[in-house]
Amino acid sequence: MGTSEGGGGSSGSGGDSGPEEKNAGSSRSKFEHSGWVYHLGTNSIKRESCNRRFLHIKGKYVMMYKRDPHEHSGTKPIRRGVVGHTLKLEELGCRKDLYVLKFSNRLDEEKKGEIGCATAGETRKWMEALEQAKKQAELELSQTSNTRNKLSKENEIDLERQGHRNRVKRYASGLKRLISIKRGESLVRRSLSLSGSNKNVEFCEGDAADVIEGHEWKCVRTLRVRIFEDTSIYKGNKGVLVKAVGIMDVSSDSAFEVILSLHRHQRYEWDALTSDLELVDSISGNSDVVYGSYDPRHINRRDFIFSRQWFRDQDGAYAILHFPAVHKKKPPRSGYRRTKVSPSTWEIKNLSTNVPSNGGRCLVTHMLEVHSKSWSKWKNNQSSKFEKTIPYALLNQASGLKAYLDIKYVPNTKPEERKHESSSSSSSSSSTTVSQNEVSSPNSEYEEDEIADQFYDAISAYSSSDDDDSDYDDAPLDTKGSSIMLQTASFSNPNRVPDPCADGELDPLSSPITVDPIQLPGSMSEGKSESDINCWTSPNGKGFMIRGKTYLQNNAKVAGGNPLLRLVAVDWFKVENPVGKVALHPKCLVQVPAKPNYSLVLYFAADRPIAKDSLLERFINGTNTFRDSRFKLIPSIVDGYWMVKRAVGSKACLLGKAVTCNYLRQDNFLEIDVDVGSSSVARSVVGIVLGYVTSIVVDLAILIEGKEQAELPEYILGTVRLNRVRLESAVPLES
């Protein structure tokens, strides 16, 4: 996966919720992180094992104990080793009520192991701690050759083997502990909190979205949280896109776990519609299918089935997608009317704030489609018929969640610390719905009190949680790969001058080289107009937000300019088995992964040689670790179903942190093979996109992340727009 270089502070320092600093008196302090986890694996009789272990990280060293060595002096580790620079981390989602973290060697997939944590937040902390340990190993690796020889002789931590001890008894004990989770018992009894600032610039771009969105959100009502309507996309259509937005005085981890939990008695306290949920099928660690029933007094009994899929972004924000589904295990039920629940999304992100709180604050956004004819009258206080509909019950979930979290997690918060709470709210502390006297018009005093603290992030043009768009679908989870070619021989483009911010990246003393694009016929054709489909174009970078000159001081971003490189051709392949090194294939223009495997190959070129010592030159000729830490992608669904937009997102992503990237540097080109199939989360997102690929327009921008002042402002390296691509148009690529 690679690590970030030059970002997130000095070696051993903790980032947002990062590992604790210790040994301050040493010449170079090393971080430490420890706590209880569950070591997952298989025993000698090939049965799953689950052993409670105390894990301790100090610098690059990892030790595993049966008992806490801080409480039991003299305790020896049962397993120890070092975190190597080839460490690869992947969250596998929830499995048997544990959030599982997998780590392996990117050069040897046989070296692997898994640990389980009780909460998603604990998993995130261990990921950050292991990343810090990896950075320590890379730092030492880069210092001297003696260190390199030393590292090669040290044993990497190996959690795959279980040893030769009898573990059947511990396996049974582990299952007992797993069962106790459903009764509310936490498996992780001890964990050091991560120290450092609230900023996490190592993996993400902060709170701002990295594309310019076109939504027009208008606040129409308040139900303890504010209700918004999108007035831009659905004008003239029967449906409308709405969202409920509220600030919760808990961390995003806590809010996510409450929303995802199927614990019936807990859901009774905040969810009036989907409180009676049961698991039907667990598809993966990040998706499942659930069944629920609804028995209101004013309508007939109903039941429903929907699928859930959840992700955690690199910045720690969560997305949960709900989509109506069918399942053979749950046929229509006698006495119940099968109801189709509206597609919806939950988005939860942490907020940086000076207001004291217990455990942090987060912004929760619940978005859904409304097709009720009574919506327009209800939003104008002209009718209460809408309050008897399923969409209304869904909108109330955010209100119920806020009331529940206020009572459950922050019972001792002082009034002066919670100015955003409405003094006119009359909800009961145990209520799961909002009564009519809690609903007010947009001009009421209640709404003004809410807006004073919440409005800043609800409709901002750069708010990733509120202003991008996303999706979920049960499309086949096909694996897709892509290859990106950066070649230093191409043609000049007199009609589009590269961004001045990229000055110095190409040799100004060399004359531009002209090549006829007709000589480079890719398998996908270039679009000539906006009405063309199954084609590609190369948009300018104005729709993407990138780091500006003062980003390190104030996190300011600016609109991108024209890309430095010219997109000269696009290939759209299908193959039986995943392939790499496309540039060496005899059918490649410059002489990829589902069943079938799809590979999108983008060919970028510069019209002059790369300038020596430029950022682009350091990237092309640098190490894979450096490339992984800098190669960045910004996605944008320009046109398409709103839930697809929410699934894809609009935040910049360091690809080397999210998926496996392989590099081929030869002659005058660099090939980057992006293995989307290496991540279960990425495979799920691709499955969603492929289900709608013929009806969406996708923009992608690639760039090299600037982390030092001399590397700012950033510039767009290349762009591509894929316009309603047809899967059947992919051409075979013979081995």
Side-chain angles (χ1 to χ4, degrees), residues 91 93-94 120 204-205 209-211 213-215 230 233 241-243 252 256 259-260 283-289 306-325 341-349 364-369 463-480 482 594 598 600 633-653 655 658-659 674 676-701 722 724-725 727:
E91 289 182 273
C94 188
C204 66
E205 295 294 328
D210 293 310
V211 299
E213 298 286 350
H215 291 287
D230 184 6
I233 299 180
L241 190 62
V242 301
K243 66 179 181 180
S252 60
F256 166 76
I259 295 172
L260 199 65
I283 300 174
S284 69
N286 294 91
S287 60
D288 60 21
V289 178
F306 61 89
S307 56
R308 307 186 303 174
Q309 194 162 356
W310 54 92
F311 315 102
R312 185 175 70 86
D313 292 338
Q314 289 182 338
D315 62 352
Y318 292 96
I320 307 174
L321 293 82
H322 293 173
F323 208 83
V341 178
S342 301
S344 64
T345 65
W346 289 91
E347 295 176 2
I348 314 109
K349 72 171 184 177
V364 176
T365 302
H366 190 200
M367 189 177 299
L368 65 145
E369 296 177 38
S463 170
S464 63
S465 287
D466 301 318
D467 291 339
D468 15 306
D469 284 359
S470 3
D471 169 85
Y472 174 81
D473 185 36
D474 293 325
L477 300 184
D478 288 351
T479 307
K480 173 186 174 186
S482 61
Y598 292 99
L600 179 70
L633 173 77
I634 305 177
S636 175
I637 304 295
V638 178
D639 187 21
Y641 185 38
W642 70 272
M643 287 196 72
V644 178
K645 294 184 179 181
R646 306 306 299 177
V648 173
S650 59
K651 297 294 294 296
C653 172
L655 284 179
V659 296
V674 182
V676 180
S678 62
S679 165
S680 59
V681 172
R683 287 197 304 269
S684 298
V685 174
V686 168
I688 294 171
V689 174
L690 289 180
Y692 293 91
V693 68
T694 59
S695 62
I696 62 176
V697 179
V698 184
D699 277 4
L700 301 175
L722 302 172
R724 298 173 174 85
V725 176
L727 294 179

How long is the gap from [atom1] on [X] to [atom2] on [Y], to the nearest 0.5 Å?
X    : Y    : atom1 : atom2 : result
L321 : W346 : CG    : CH2   : 12.5 Å
Y318 : I259 : OH    : CD1   : 11.0 Å
Q314 : L655 : CD    : CG    : 8.0 Å
I283 : R308 : CD1   : CZ    : 11.0 Å
N286 : I320 : CG    : CD1   : 11.0 Å
T365 : I348 : OG1   : CD1   : 9.0 Å

For this session: Answer yes or no: is there an ion pair linking K651 with D315, defined by an N-O contact shorter than 4.0 Å?
Result: yes
Exercise. With the threshold set at 4.0 Å, does a side-chain nitrogen-carboxylate oxygen contact exist between D639 and R724?
Worked result: yes
Seminar exercise, completed: What one should report as the nearest heavy-atom pair of P343 and P324 is CG-CD, 4.0 Å
Exercise. If every non-hydrogen atom of I634 is compared with every non-hydrogen atom of S650, which pair is closest and at what distance?
Worked result: CG2-O, 4.4 Å
For this session: In sequence, state the C-alpha distance, the side-chain angles, and the governing distance for S684 and F311, and then conclude on side chain to side chain contact (heavy atoms under 4.5 Å, CB included).
Result: CA-CA 9 Å; S684 298; F311 315 102; 4.1 Å; yes
Problem set entry | Donor-acceptor under 3.5 Å (S307 side chain, F323 main chain) | yes
Problem set entry | Sole candidate of I696, V693, L600 that passes side-chain contact (heavy atoms from CB on, under 4.5 Å) when paired with L722 | L600
Problem set entry | side chain to side chain contact (heavy atoms under 4.5 Å, CB included) evaluation trace for Q309 with I688 | CA-CA 10 Å; Q309 194 162 356; I688 294 171; 3.8 Å; yes
For this session: List the steps, then state whether side chain to side chain contact (heavy atoms under 4.5 Å, CB included) holds for D288 with W310.
Result: CA-CA 9 Å; D288 60 21; W310 54 92; 3.6 Å; yes
